[in-house]
Each structure stands twice: as C-alpha cells, then as structure tokens.
Amino acid sequence: MTESLLFRGAKILGADSADILVQDGLIAEVGSGLSAAGARVIDADGLVALPGLVDLHTHLREPGYEASETVLSGTRAAAAGGFTAVFAMPNTSPVADSAGVVEQELALGEAAGYATVQPIGAVTVGQKGERLAELGAMASSRANVRVFSDDGFCVWDPLIMRRALEYVKAFGGVIAQHAQDPRLTEGAQLNEGAVSAELGLAGWPAVAEESIIARDILLAEHVGSRLHVCHLSTAGSVELIRWAKKRGVAVTAEVTPHHLLLTDELARGYDARFKVNPPLRTQEDVLAVREGLADGTIDIVATDHAPHPSEAKACEWQAAANGMVGLESALRVVHQAMVQTGLLDWTDVARVMSSAPARIGSLAGHGTPIAAGQPAEFALYDADAVGVFAESDLHGQSTNSPYLGRDLPGKVLWTVHHGYVTLEDGVLAERGVRS
C-alpha cells in the first residue's frame with residue numbers, strides 16, 4: 001500500500017481550490033474540507049494542479065549512450081518537470097527495433113520508478129530506412145508499443161512509409177515522422193534565411209520539412225492510417241496540418257517548447273546550445289506555431305529532450321551535436337509562451353501536455369482528470385514563482401539547456417506518480433519511492 005496523501009487547497013486546472021486525497025494509488029476524493037485518518041497533510045494552497053504531464057518525444061539514450069542519459073536519470077528529470085510518463089525514442093544502441101529491446105526499456109523504467117516509460121519502436125531495422133522493423137512483435141510484446149518512429153532520421157522512401165502506415169492499422173498504431181528531406185538538408189546547419197546567410201552557415205530550408213509532411217499527409221489519407229508529425233517548426237507546416245485536418249486525414253502534430261519561444265537569432269553567438277534539429281526558425285514561424293497550438297491545429301507539446309555530454313556541445317557550431325534537454329523547463333516555457341500571452345489557459349495546458357499525448361500514444365492510466373477514482377498521476381505548479389533557470393534545475397546527466405541564465409516563470413513543486421511522491425516541495429524523492 002502507498003502512503004495516504006492529502007493535498008489541501010490546490011487550484012484544479014488553475015480554477016477553484018480543492019483538497020485532493022490520495023489513497024492506494026488512486027485519487028480517493030476531491031473536495032473541500034477533506035480529512036482522512038493517518039494521511040500525510042500537504043499545504044498546496046494556491047498551487048495549480050495539473051494531470052501528470054506526458055511527453056510523447058523523449059530521448060533517454062539507454063541502452064548504449066549512458067554517458068548522455070540513462071532511464072533513471074532521464075525519468076528523474078521528468079519527475080522534476082511534472083511529468084509522470086515519457087515515450088522513449090528508439091535511437092539507442094542497439095536500436096529499439098525488436099521486442100527484446102523495447103521490453104528492456106520498459107523494465108528499466110519500472111525499476112527506476114520516477115515515471116512510466118513507454119517505448120517507441122523504430123519503423124525500420126536499425127533506423128536505416130531499408131526494411132520494416134518487427135512492428136507486430138513490438139506491438140504484441142509486454143511493452144505494448146503503439147507509436148513507431150525513426151526519429152533522428154526521416155522515413156524517406158515513400159513505399160516503406162506507405163507499408164508502415166498500412167501495417168500499424170491492424171493494431172491501432174501510429175507512425176511518428178521526423179519530417180526532413182535528407183537531400184534538401186545535406187550539410188545544413190541553421191534555418192535557411194538572413195541569419196544563416198550572415199553567419200555563413202549552410203541553410204536548412206523550411207521546404208525540407210514541409211515537403212515530407214505534404215507527402216505523408218497524402219499517404220496517410222490514401223491508406224486510411226494514423227500519422228503523427230514530430231517537432232513541427234514552420235509556418236508552412238502549420239498550414240499543411242490545418243489543411244489535412246479539414247480534409248479529415250487522421251494526422252496529429254507536436255511542437256516543442258523551444259520552437260514556441262526561441263528563434264534563429266540566438267545562433268549569432270555560435271553557441272551550440274541553440275543547435276537543434278529541426279533548427280530554430282524565425283519569429284514569424286514562432287508566432288505561427290503558437291497560433292497553431294492555440295487553435296488546435298497542433299495537438300500537443302512534446303519536449304524532444306535530447307541530452308548530450310558537454311564535449312558534444314562545447315565545440316565549434318558545425319561539429320556540435322543537435323539537441324537540447326527540455327523535461328525540466330517544458331512547463332515553464334509553455335507558461336511563458338502560451339499562458340502569459342493569453343493563448344492558452346491551464347485547462348488547455350492539461351490537454352496539450354497530458355491528455356492529448358496520452359491519447360495519441362494509446363497510454364492508459366495517464367492524461368486522466370484530477371477526479372475521484374482516477375489514477376493518482378498529477379503535478380502541483382507554483383504559477384506565481386519566477387526565477388533564473390540554472391544548472392541546479394537540471395536533474396539528468398547532461399546540461400545542454402538553451403534556457404540557462406534565462407528568467408522563466410513558475411516552478412513545479414510536487415509530482416505524484418502511481419500514488420507516490422516523486423518530487424517533494426521541489427526536491428526529488430530518492431529511489432526509495434517504489435521500494
């Protein structure tokens with residue numbers, strides 16, 4: 001049995017205050033003036049209560065790249081950011097392209113205990129784009145994989161993409177595409193535009209993303225299957241998704257926190273913390289993806305948490321790795337870019353960062369309302385706090401955050417997963433969480 005917990009005075013989705021009673025891994029009751037014999041009472045007065053955040057796009061690096069991140073360190077970072085579930089991308093070593101590897105990842109997540117780890121399977125063997133991976137075996141494994149992606153690599157061959165879309169229909173799966181035409185981005189270093197021209201860096205054109213999205217929308221429509229677009233980043237991509245949804249195509253899309261806030265202007269100092277795939281775009285693109293998220297064209301926010309050791313970033317721009325860590329900062333960035341600007345309220349945040357990603361990924365027990373009888377998966381957020389984002393806010397193995405030294409609003413103070421406290425008053429609970 002888990003400890004009984006009574007959170008007093010939390011603002012459910014930022015609205016009315018209520019007490020939340022947690023018993024035996026479930027939310028036993030939500031209401032005013034609650035009491036329970038033996039329960040641990042926690043003052044949550046004024047804190048925003050959100051369903052546990054769900055990240056559909058996380059790189060945990062294990063197995064194979066434990067110098068960057070492990071399942072344990074990555075899920076600790078997740079808990080610190082208010083996440084109770086993360087979907088682990090398959091670009092590990094060995095690649096998660098078989099039932100054995102995805103089951104190993106699932107077991108590592110269960111042992112860590114900080115968040116549910118739901119593996120994503122590779123679309124092709126070794127992510128090489130040559131032949132389909134064991135999609136059916138991964139789907140029927142204990143890991144119950146429903147999302148497949150070669151993220152980091154585009155499924156460029158249209159015939160393989162079509163076959164993948166056809167295959168996953170049998171079990172309600174979804175193909176999550178990394179939309180990047182490899183021929184149009186050979187040697188690309190930064191968004192193609194004025195800044196890349198001034199800095200002498202090879203341009204990464206928007207059409208390299210948009211052309212793949214357009215093709216895959218048509219393939220998904222033809223096959224009648226589900227397509228998910230990873231880390232959408234351009235104004236043109238937003239328009240394509242909007243067009244597809246009007247046609248009734250089963251397409252969903254995600255945007256990262258960094259594409260909601262940061263632009264290619266930050267590359268002027270050649271600071272490789274700002275090098276990412278897809279690249280930071282223009283202010284026009286930032287405003288377009290914000291609008292797309294606000295009006296529902298873009299379904300979710302996903303972090304694309306991509307840890308790297310310091311030597312992979314502390315080098316010249318051209319040699320640096322792409323990627324940013326983002327689990328601990330995601331909610332705070334969405335708060336700044338979308339809530340403080342009036343584009344979303346806290347109910348919307350719960351949708352785009354919890355319920356919708358859980359639905360897209362077919363992950364039961366997450367993204368559920370904060371209500372009696374529901375799984376105890378939630379976070380408490382101090383929306384009135386403000387502070388400089390620092391290395392002390394990072395809890396993974398890598399520190400390649402673009403927000404270090406930047407003022408960000410808010411702070412996650414409590415995270416509850418499976419009825420256990422994983423983050424307590426801003427401090428991670430230690431591994432005794434599930435022991």
Side-chain angles (χ1 to χ4, degrees), residues 10-18 20 30 44 46-57 78 81-87 228-233 235 237-239 241-242 245-246 251-262 285-304 326-361 363 366-371 374 377-386 408-415:
K11 297 168 66 176
I12 310 296
L13 301 181
D16 295 337
S17 294
I20 305 169
V30 176
L47 301 181
V48 176
L50 295 169
L53 306 184
V54 177
D55 187 18
L56 198 66
H57 194 143
F83 289 89
T84 58
V86 295
F87 284 72
H228 179 73
V229 178
C230 296
H231 43 48
L232 176 154
S233 68
S237 295
V238 177
E239 287 305 312
I241 300 297
R242 189 173 282 127
K245 288 188 170 184
K246 287 179 180 177
V251 60
T252 54
E254 72 191 32
V255 63
T256 70
H258 47 273
H259 286 113
L260 289 170
L261 188 63
L262 309 178
D285 293 307
V286 166
L287 295 177
V289 296
R290 287 183 183 181
E291 180 184 354
L293 184 63
D295 68 18
T297 300
I298 300 173
D299 299 84
I300 66 170
V301 174
T303 71
D304 194 9
L327 286 166
E328 297 97 334
S329 54
L331 182 55
R332 297 173 69 177
V333 173
V334 171
H335 183 184
Q336 183 175 89
M338 301 300 296
V339 179
Q340 289 188 336
T341 56
L343 293 169
L344 296 182
D345 61 21
W346 292 113
T347 299
D348 297 321
V349 172
R351 171 175 51 82
V352 302
M353 298 189 75
S354 183
S355 60
R359 173 181 52 79
I360 293 167
L363 185 62
H366 289 273
T368 52
I370 300 175
Q374 297 291 346
E377 306 278 349
F378 61 90
L380 298 175
Y381 181 69
D382 183 356
D384 295 325
V386 65
L408 290 177
K411 185 173 180 63
V412 179
L413 292 181
W414 295 84
T415 306

Student check: side-chain heavy atoms of [X] and [Y] closer than 4.5 Å:
X    : Y    : answer
L331 : F83  : no
L50  : I12  : no
V251 : K245 : yes
L232 : V289 : yes
H228 : I360 : yes
L47  : W414 : yes
L13  : V48  : no
P51  : E377 : no

| request: Using the side chain to side chain contact (heavy atoms under 4.5 Å, CB included) rule, take V333 and L408 through it: C-alpha gap first, then chi angles, then the decisive distance, then the call. | output: CA-CA 7 Å; V333 173; L408 290 177; 4.2 Å; yes
| task | Using side-chain hydrogen bond (donor to acceptor under 3.5 Å, both in side chains) as the criterion, list what pairs up with D295, not counting sequence neighbours. | result | R242, T297
| query | Got a sec, which residues hit side-chain hydrogen bond (donor to acceptor under 3.5 Å, both in side chains) with H259, two or more places apart in sequence or on another chain? | reply | T256
| field | side chain to side chain contact (heavy atoms under 4.5 Å, CB included) between V286 and L260, intermediate numbers included | value | CA-CA 5 Å; V286 166; L260 289 170; 5.7 Å; no
Within this structure, what is the [atom1]-[atom2] distance for the pair [X] and [Y], rounded to the nearest 0.5 Å?
X    : Y    : atom1 : atom2 : result
I370 : I20  : CD1   : CD1   : 5.0 Å
K411 : E328 : NZ    : CD    : 10.5 Å
R290 : D285 : CZ    : CG    : 12.0 Å

List the atom of [X], the atom of [Y], and the distance in Å for their closest heavy-atom pair.
X    : Y    : result
L363 : A85  : CD2-CB, 3.6 Å
L56  : P357 : CD1-O, 3.8 Å
I300 : A356 : CG2-CB, 3.5 Å
H57  : A302 : CB-CB, 3.7 Å
A330 : T303 : CB-CG2, 3.8 Å
A371 : V30  : CA-CG2, 4.1 Å

| request: Carefully, step by step, assess E291 and V238 under the rule side chain to side chain contact (heavy atoms under 4.5 Å, CB included). | output: CA-CA 9 Å; E291 180 184 354; V238 177; over 6 Å; no
| Do the side-chain N and O atoms of E254 and H231 include a donor-acceptor pair separated by under 3.5 angstrom? | no
| message | Among L53, T415, D55, which residue satisfies the side-chain contact (heavy atoms from CB on, under 4.5 Å) criterion with T84? | response | T415
| note | The residue among V229, D304, L293 that forms side-chain contact (heavy atoms from CB on, under 4.5 Å) with V255 is L293
| task | Just say parallel, tilted or perpendicular for the rings of Y381 and H335, cut-offs at 30° and 60°. | result | perpendicular
| message | Using only atom types and a distance under 3.5 Å, with no angle test, would you say the side chain of D382 pairs donor to acceptor with the backbone of G410? | response | no
| query | Where the side chain of T341 meets the backbone of A337, is there a donor-acceptor pair that is under 3.5 Å apart? | reply | yes
| task | Take M353 and V334 through the side chain to side chain contact (heavy atoms under 4.5 Å, CB included) test and state the conclusion after the steps. | result | CA-CA 9 Å; M353 298 189 75; V334 171; 3.9 Å; yes
| Which pairs pass side-chain hydrogen bond (donor to acceptor under 3.5 Å, both in side chains) with one or both residues in residues 344-354, sequence neighbours excluded? | D348-R351
